[in-house]
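What you see is a predicted model, and the numbers here were worked out from it, not measured in a lab.
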Amino acid sequence: MNTSAFVPADFDVPHSLVTPRFRLEPLGPQHNLADHAAWTGSIEHIRATPGYPDGNWPPLDGMSLEANLADLRRHADDFTQRRGFTYTVLDPDSGDVIGCVYIYPCSKDGHDADVSSWVTAGRAELDVPLYEAVSAWLAADWPFTSPAYDAR
């Protein structure tokens, strides 16, 4: 799929998903410290999450705050350029980063988007509710017909 046409030009990309247990907003540099703390404290848990079978992310040795910031800037640029959409998952009360959702072009036959998500080890009980909420959101509010999103 041509990433420049990942979503139609007239598609209004959602900027949030709000549920009683979490809320999503576009991931950006402003989340660097909290994002870094969230995933570095949950590396083994994230690697065991469906959708992370290649063993490359998150890196076992972590990464510096500067490298994480560069990664968040790349995700924010992808969002702005409509090449991919990454959302931070926030606790609705505290605003703490508790996970992440990625929506990118898919190279798998029969799928038009590759979706993955993770939650921190301390919020593992939200993995299935996040999967279910994002799956419903994709079906209701996004232009994809067959997203690849590993079931929970």
Side-chain angles (χ1 to χ4, degrees), residues 1-43 46-47 49-54 56-59 62-120 123 126-127 129-150 152:
M1 173 180 275
N2 179 347
T3 57
S4 65
F6 181 40
V7 294
D10 62 350
F11 175 65
D12 187 17
V13 176
H15 279 263
S16 66
L17 172 64
V18 179
T19 78
R21 299 178 77 184
F22 50 81
R23 65 182 169 85
L24 276 59
E25 68 180 43
L27 179 68
Q30 71 275 20
H31 299 113
N32 191 38
L33 286 172
D35 175 75
H36 187 264
W39 71 260
T40 58
S42 298
I43 291 173
I46 295 168
R47 283 176 163 247
T49 299
Y52 296 90
D54 66 6
N56 292 325
W57 199 89
M63 68 171 67
S64 69
L65 273 173
E66 294 78 17
N68 196 68
L69 180 59
D71 197 45
L72 270 56
R73 285 182 174 142
R74 178 182 57 81
H75 283 302
D77 185 56
D78 286 347
F79 201 107
T80 300
Q81 299 299 319
R82 302 167 64 90
R83 294 184 299 242
F85 306 98
T86 303
Y87 295 85
T88 189
V89 181
L90 303 169
D91 180 279
D93 297 322
S94 68
D96 291 343
V97 171
I98 57 173
C100 209
V101 174
Y102 308 87
I103 305 169
Y104 274 86
C106 188
S107 60
K108 298 173 189 168
D109 287 342
H111 297 284
D112 50 4
D114 186 30
V115 182
S116 57
S117 62
W118 59 264
V119 294
T120 60
R123 300 303 291 272
L126 293 178
D127 189 44
L130 177 63
Y131 168 80
E132 291 172 347
V134 169
S135 295
W137 185 48
L138 290 168
D141 296 342
W142 288 82
F144 309 121
T145 58
S146 182
Y149 190 10
D150 287 352
R152 307 300 197 258

Write down the atom of [X], the atom of [Y], and the distance for their closest heavy-atom approach.
X      : Y      : answer
Thr145 : Asp112 : N-OD2, 2.6 Å
Leu69  : Asn32  : N-OD1, 3.2 Å
Pro29  : Arg73  : CG-CG, 3.7 Å
His31  : Pro26  : CE1-O, 3.2 Å

Name of the residue among Thr86, Asp114, Leu138 meeting side-chain contact (heavy atoms from CB on, under 4.5 Å) with Ile103:
Leu138
Quick one: do Asp96 and Arg123 make a salt bridge, cutoff under 4.0 Å?
no
Do the charged groups of Arg74 and Asp71 touch, with an N to O distance under 4.0 Å?
yes
I want to check something: taking the side chain as every heavy atom from C-beta on, are [X] and [Y] in contact at a cut-off of under 4.5 Å?
X      : Y      : value
Pro58  : Arg47  : yes
Pro129 : Phe22  : yes
Trp57  : Ile46  : yes
Asn68  : Thr40  : no
Val7   : Phe144 : yes
Cys100 : Trp39  : no

Classify the angle between the aromatic ring planes of Tyr52 and Tyr102 as parallel (below 30°), tilted (30 to 60°) or perpendicular (above 60°).
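Plane angle over 60°, so perpendicular.
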Do the rings of Trp137 and Trp142 sit parallel, tilted or perpendicular, given the 30° and 60° boundaries?
perpendicular
Under 3.5 Å, side chain of [X] to main-chain N/O of [Y], donor-acceptor pair present?
X      : Y      : result
His36  : Leu33  : no
Arg23  : Asp93  : no
Asp150 : Gly51  : yes
Ser146 : Gly110 : yes
Asp35  : Val97  : no

Measure centre to centre between the rings of Tyr87 and Phe79, then say whether the value is under 6.0 Å.
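Between Tyr87 and Phe79, the centre distance is under 6.0 Å.
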Are Arg152 and Ser117 close enough that a side-chain donor and a side-chain acceptor fall under 3.5 Å?
yes
Will you find, in the side chains of Tyr104 and His75, an N or O donor that is under 3.5 Å from an N or O acceptor?
yes
Hey, what do you get for CG (Leu72) to CD (Gln30), rounding to the nearest 0.5 Å?
8.0 Å
